[in-house]
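So the structure is just underneath, and the comments pick up after that.
Since we're looking at a predicted model, the values are computed, not measured.
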Number of protein chains: 2
Amino acid sequence: MIEKFHDVLKANNLKSTHQRLAILNCIDMHGHIDIDAIYEHIHLNYPSMSKATLYRNINDLVTFHILEEVKLPHQKQQYEIKKVPHIHLLCQECSGVEDIFIETKPLLEAVTLQSGFTISNSFIVMNGTCRVCSHKNFSSIS
Amino acid sequence: MIEKFHDVLKANNLKSTHQRLAILNCIDMHGHIDIDAIYEHIHLNYPSMSKATLYRNINDLVTFHILEEVKLPHQKQQYEIKKVPHIHLLCQECSGVEDIFIETKPLLEAVTLQSGFTISNSFIVMNGTCRVCSHKNFSSIS
DNA sequence: GCTTAATAAGATATTAATTATCCTATTTAA
DNA sequence: TTAAATAGGATAATTAATATCTTATTAAGC
């Protein structure tokens, strides 16, 4: 990939600037990341990048549905590249966030049935302990 | 109910002040509500309440798990009284938020099976159109 | 490749949101 | 009723986010 996001920007009539590509690549690399971390990361290779530019672009990219807000409990808001619907798994031990792609249709249908609500999309976060941390805990006990 | 939250505060070794009771009653009355709305509402009957007190108490009450953050997409963070797990339904037409109490165990089990993640709790939001707004739309078409 | 119009970036000022500080008031247990 | 502990109110300080304005960059047409 030279510039995998160039076409995405063009498709939305947004100019493909170095700053925007840097922002998108950074978020893509990290999966989930908040504003400050994006700024720090980009700043390493791109010290002239202004925070105003970052805020402005993040908001624009969310408006154009290229980015998506990720609001996890007790954490600063993060952003991710918009992709197919998935569930966020948030590990309380290592603070890692995993994505899991799983069938949620039965739940959605049950909700529709019970409430009469027509669902267009859903946002699901589960808190707990990831596989790795579970094993760590287990070994330290036994 | 004279003071349904008095005992909750005492149980957490928090002093039962008028301000705290006002905050909790306000949130309880509204279900979901953000900081500014709480402030405005309480200000009507309690003009001397300081915003610092509000922020401080909201944070304390979250720490003690008496309140819970509600983070909905594209909205300011809200708060609710912590209660049994439920799903939030967010209507895109009228911006209303409904709670629905429904079995999520099958989904949680499937996630555990697929990911090895041990889930302690989950946070689910569904966006769409509520029953009332669906009917409104239908009548205006036909 | 140039030129130009449109858009975006950077710097900075402004505004809004949140937290910290300090002194006074209230709560609660003895 | 009193005293110690805690919380409130006012305000200052900090942090986050947005707006403004000027310069720079992008991209389309020649």
Next on the checklist: Please encode protein proximity along nucleotides 17-30 of chain D as a string of B, S and -, counting only heavy-atom distances under 4.0 Å.
Outcome noted: SBBB-----BSS--
Checklist entry - Side-chain donor-acceptor pair under 3.5 Å between Asp99(B) and His32(B), yes or no? => result yes
Checklist entry - Any chance the side chains of Gln78(B) and His88(B) put a donor and an acceptor closer than 3.5 Å? => result no
Checklist entry - Would one find a side-chain N or O of Asn57(B) under 4.0 angstrom from OP1 or OP2 of dG8(D)? => result yes
Next on the checklist: Is it true that, when you exclude Lys83(A) itself, more than 12 heavy atoms of the residues, nucleotides or ligands shown sit nearer than 6.0 Å to its NZ?
Outcome noted: yes
Next on the checklist: Please tell me whether Phe123(B) and Met126(A) are part of a single hydrophobic cluster in this structure, the criterion being side-chain heavy atoms less than 4.5 Å apart.
Outcome noted: no
Item to check | Whether Asn25(A) side chain and Leu21(A) backbone form a donor-acceptor pair below 3.5 Å | outcome: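 The answer is yes, because a donor-acceptor pair under 3.5 Å joins these two groups.
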Checklist entry - Quick check: does any side chain N or O of Lys71(B) sit under 3.5 Å from a backbone N or O of Gln77(B), one acting as donor and the other as acceptor? => result no
Checklist entry - What's the CG-C1' distance between Leu54(B) and dA7(D), to the nearest Å? => result 14 Å
Checklist entry - Can you find a pair of side-chain heavy atoms, one from His41(B) and one from Met29(B), that are under 4.5 Å apart? => result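 Sidechains of Met29(B) and His41(B): in contact.
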Item to check | Side-chain heavy-atom pair Val8(A), Leu14(A) within 4.5 angstrom cut-off | outcome: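 SC-SC contact between Val8(A) and Leu14(A) ruled out.
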Next on the checklist: Need two values: the first and the last nucleotide of DNA chain C, 5' to 3', having an atom under 4.0 Å from any heavy-atom of chain A.
Outcome noted: dA6(C) to dT12(C)
